[in-house]
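Small disclaimer: the values here were computed from a predicted structure and weren't measured. Throughout, a chain's letter reflects where its sequence line sits, starting with A, and its residues are numbered from 1.
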Amino acid sequence: QKEVEQNSGPLSVPEGAIASLNCTYSDRGSQSFFWYRQYSGKSPELIMFIYSNGDKEDGRFTAQLNKASQYVSLLIRDSQPSDSATYLCAVYSSASKIIFGSGTRLSIRP
Amino acid sequence: DGGITQSPKYLFRKEGQNVTLSCEQNLNHDAMYWYRQDPGQGLRLIYYSQIVNDFQKGDIAEGYSVSREKKESFPLTVTSAQKNPTAFYLCASSQGQAGNQPQHFGDGTRLSIL
């Protein structure tokens, strides 16, 4: 089992809809969780981070953390073509290191 | 503006040659990291440093070396021992030494073999 797992996609979502990206992790002692957006050929850009169970909202983005079920998700409301990118989930584990998932490719169709 | 500067943007390596990738940050961050990204893959940690004059191996350190003589700078050398160096190299930094803070990335260096 991979330490941080993401569906590679592509996930295709119509413009204006909600895109839901999921990430599961294996280390129950993980403390901090991050979502990055990476456009093709570019470096990752921090979108959200969350430390506590529940939801955290920032504009059109909402991060959801459920430590009991060991998953973290990212919701993107009112999806725009500019949201088309690869989304990387990263987890700070109990071994004191950040582990990145392989990313989910999101495509917003007009 | 504060940020992380990586240079060069593109680099070509001849067989048997060592090459050095530069990473400079003016964010006053304590921790710095080097990652390698292969096409369609996630990020793999090469080396990291939480404080000046100290650094630790990541998951794929073989064939690479680093130094951290100044807080602002964390250069990565890709040695001739790294037989498959073609990849996208990313430098990142974060506040504090604990490692649980968000990382901010430079624009990356693309390394290819001539």
I'd like to verify something: which residue of A:Gly103, A:Gly41, A:Ser102, A:Pro44 has the highest number of heavy-atom pairs under 4.5 Å with chain B?
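Heavy-atom pair counts peak at A:Pro44.
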In terms of the angle between their ring planes, are [X] and [Y] parallel, tilted or perpendicular, with boundaries placed at 30° and 60°?
| X | Y | value |
| --- | --- | --- |
| A:Tyr51 | A:Phe34 | perpendicular |
| A:Phe100 | B:Tyr35 | perpendicular |
| B:Tyr48 | B:Tyr33 | parallel |

Heavy atoms only, distances under 4.5 angstrom: which of B:Pro102, B:Gly108, B:Pro39 has the most pairs with chain A? Name it, please.
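Answer, by heavy-atom pair count under 4.5 Å with chain A: B:Pro102.
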Checking A:Lys56 against A:Phe49: charged group under 6.0 Å from the ring centre and within 45 degrees of the axis?
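Satisfied, under 6.0 Å and within 45°.
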Which atoms of [X] approach chain A - backbone, side chain, both or neither, heavy atom under 4.5 Å:
| X | result |
| --- | --- |
| B:Leu90 | side chain |
| B:Arg44 | neither |
| B:Gln6 | neither |
| B:Gln56 | neither |

ILVMFWY cluster, A:Ile99 and A:Leu88 together (side-chain gap under 4.5 Å):
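Different clusters: A:Ile99 never reaches A:Leu88 through Ile, Leu, Val, Met, Phe, Trp or Tyr contacts under 4.5 Å.
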Test item: A:Leu46 and B:His104 side chains (from C-beta on) under 4.5 Å apart, heavy atoms
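Touching, per the 4.5 Å side-chain cut-off.
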Go through the atoms of A:Ser32 and report whether side chain, backbone, both or neither lie under 4.5 Å from a heavy atom of chain B.
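For A:Ser32, the contact with chain B is made by the side chain alone.
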Part of A:Gln38 within contact of chain B (heavy atom distance under 4.5 Å)
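Contact with chain B is through the side chain of A:Gln38 alone.
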